[in-house]
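Data block below; observations after.
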Amino acid sequence: MSSEKVSCLIIGSGPAGYTAAIYASRAGLNPVLYTGGQPGGQLTITTDVENYPGYPEGVQGPQMMMDFEAQARRFGADIRYGLATKVDFSDSTLHKVWIDGDHLIESPTVIIATGAAAKWLGLESEQRLNGHGVSACAVCDGFFFRNQEVAIVGGGDTACEEASYLAKLCKKVYMIVRRDELRASVIMQERVKSLPNIEILWNTETEEVLGTNEVVGVKVKNVQTGESTQLDVTGFFVAIGHKPNTDIFKEYIDMDAAGYIQTVKGSTKTNITGVFACGDAQDNIYRQAITAAGTGCMAALDAERYLAEKGLH
Ligand code: NDP
């Protein structure tokens with residue numbers, strides 16, 4: 001077990017974490033950032049980002065995160081690969097975070113920017129065939145289903161965005177929607193409804209993903225009529241929302257029932273002094289790259305002020 005002391009530790013490498021790193025390094029806090037298991041975060045599994053200000057022609061999600069990282073490195077942020085596996089926030093002046101189980105970091109400030117991860121339906125067949133036709137990322141895996149028929153579950157912006165993406169590659173896309181309306185924004189609803197090769201199955205639930213070694217179909221049920229049917233698809237995509245990556249903080253940090261970290265209104269302060277939260281880990285409402293980046297900036301400023309108040313900076 002190795003250990004070290006730093007003044008500002010940032011956990012997570014999406015727009016929130018990298019923005020916190022940019023601000024913290026420019027403020028002279030010498031931040032250390034651990035990327036987590038998915039360097040760059042959720043934007044690395046998306047294609048076009050068209051709503052981030054400053055990119056009039058749009059930008060690819062992975063490219064945008066490489067730009068964020070390069071900007072943070074330019075100001076001296078120490079960016080490292082590794083996963084925070086355990087924390088001890090019982091000492092309010094020096095917080096302990098273990099990386100990959102064997103490296104201890106002690107820091108008076110910790111910025112939590114761990115984001116969120118895709119949710120699954122919880123079917124045995126879904127998990128068994130994960131990676132063999134079942135995916136939670138159309139952008140990553142849609143390519144494998146070119147000119148084939150696929151299904152996607154969900155009715156939010158993500159499902160609509162991914163269905164539109166799949167419609168460009170695949171012969172046919174079934175959208176499995178559990179209610180009689182979509183949750184997505186009007187513009188996204190209109191987009192999926194305008195595409196001739198997307199068929200929306202309303203009031204429909206997934207009963208089983210069919211196949212032994214690969215997906216050969218999906219059994220769905222109309223919850224109003226009780227009728228079950230089989231869709232002859234070779235790909236099954238799940239886009240039903242996300243869960244915040246906050247489990248390791250549960251013992252110490254106040255959260256809502258879904259696991260989103262609660263922060264003091266108008267700041268990124270948590271219930272533990274010196275621990276700040278930003279990005280999707282604490283935002284179940286906006287969940288945009290731009291809002292994540294904004295709160296990442298806030299977290300770095302909050303950390304800087306906290307260190308100054310304590311005479312540590
Ligand atoms: P949402 O929570 O918005 O939507 C989840 C969808 O999945 C809903 O239609 C929900 O149904 C459905 N669902 C949830 N659980 C199940 C289940 N067990 N079985 C079947 N269906 C289920 O998540 P998103 O990931 O779509 O979006 C998250 C946030 O990110 C939103 O605020 C969204 O606006 C934003 N976003 C913005 C984008 C953009 O601006 N370009 C792109 C993508 C996302 P029900 O409605 O019945 O609850």
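Both counts, for ligands and for their atoms, begin at 1 and track the order of listing. Computation of the quantities below employed the complete heavy-atom set of this structure, encompassing side-chain atoms and omitting hydrogens, waters and symmetry-equivalent molecules.
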Those atoms of ligand 1 less than 4.0 Å from some heavy atom in G154 | 7 (O)

Of all the non-hydrogen atoms in the protein, which one sits nearest to atom 30 (O) of ligand 1, and at what distance?
-> Q288 NE2, 4.0 Å

Under the side-chain hydrogen bond (donor to acceptor under 3.5 Å, both in side chains) test, residues paired with D302 that sit two or more places apart = T268

Using heavy atoms and a threshold below 4.0 Å, how should the contact between I285 and ligand 1 be classified: side chain, backbone, both, or neither?
-> backbone

For atom 9 (O) of ligand 1, what's the nearest protein heavy atom and its distance?
-> G155 N, 2.9 Å

How does N51 reach ligand 1, if at all, at less than 4.0 Å between non-hydrogen atoms: by side chain, backbone, both, or neither?
-> side chain

Where on H242 is there a heavy atom closer than 4.0 Å to ligand 1, on the side chain, on the backbone, on both, or on neither?
-> side chain

Option of least heavy-atom distance to atom 38 (C) of ligand 1 (set: I176, V177, L123, D157) = D157

Give the residue and atom name of whichever protein heavy atom lies nearest to atom 43 (C) of ligand 1, and the separation in Å to one decimal.
-> T158 OG1, 3.4 Å

May I ask you to establish whether R146 and F144 are in a cation-pi arrangement, using a distance under 6.0 Å from NZ or CZ to the six-membered ring centre and at most 45° from the ring axis?
-> no

Among all residues two or more places apart in sequence or in another chain, which pass the side-chain hydrogen bond (donor to acceptor under 3.5 Å, both in side chains) test with H313?
-> none

Using 30° and 60° as the class limits, which term best fits the ring planes of H95 and F89: parallel, tilted or perpendicular?
-> perpendicular

Does any N or O atom in G156 lie less than 3.5 angstrom from one in ligand 1, N or O only?
-> yes

Test item: side-chain donor near acceptor, D141 and S135, under 3.5 Å | yes

Near L121 (heavy-atom distance under 4.0 Å), the atoms of ligand 1 are 17 (C), 18 (N), 19 (N)

Could you pull out, from E161, R183, E205, the option with a heavy atom nearest to atom 1 (P) of ligand 1?
-> R183

Closest by any non-hydrogen atom to atom 21 (N) of ligand 1: pick that one out of T206, D280, I290, I240.
-> I240

For ligand 1, note which part of L182 has a heavy atom under 4.0 Å away: side chain, backbone, both or neither.
-> neither

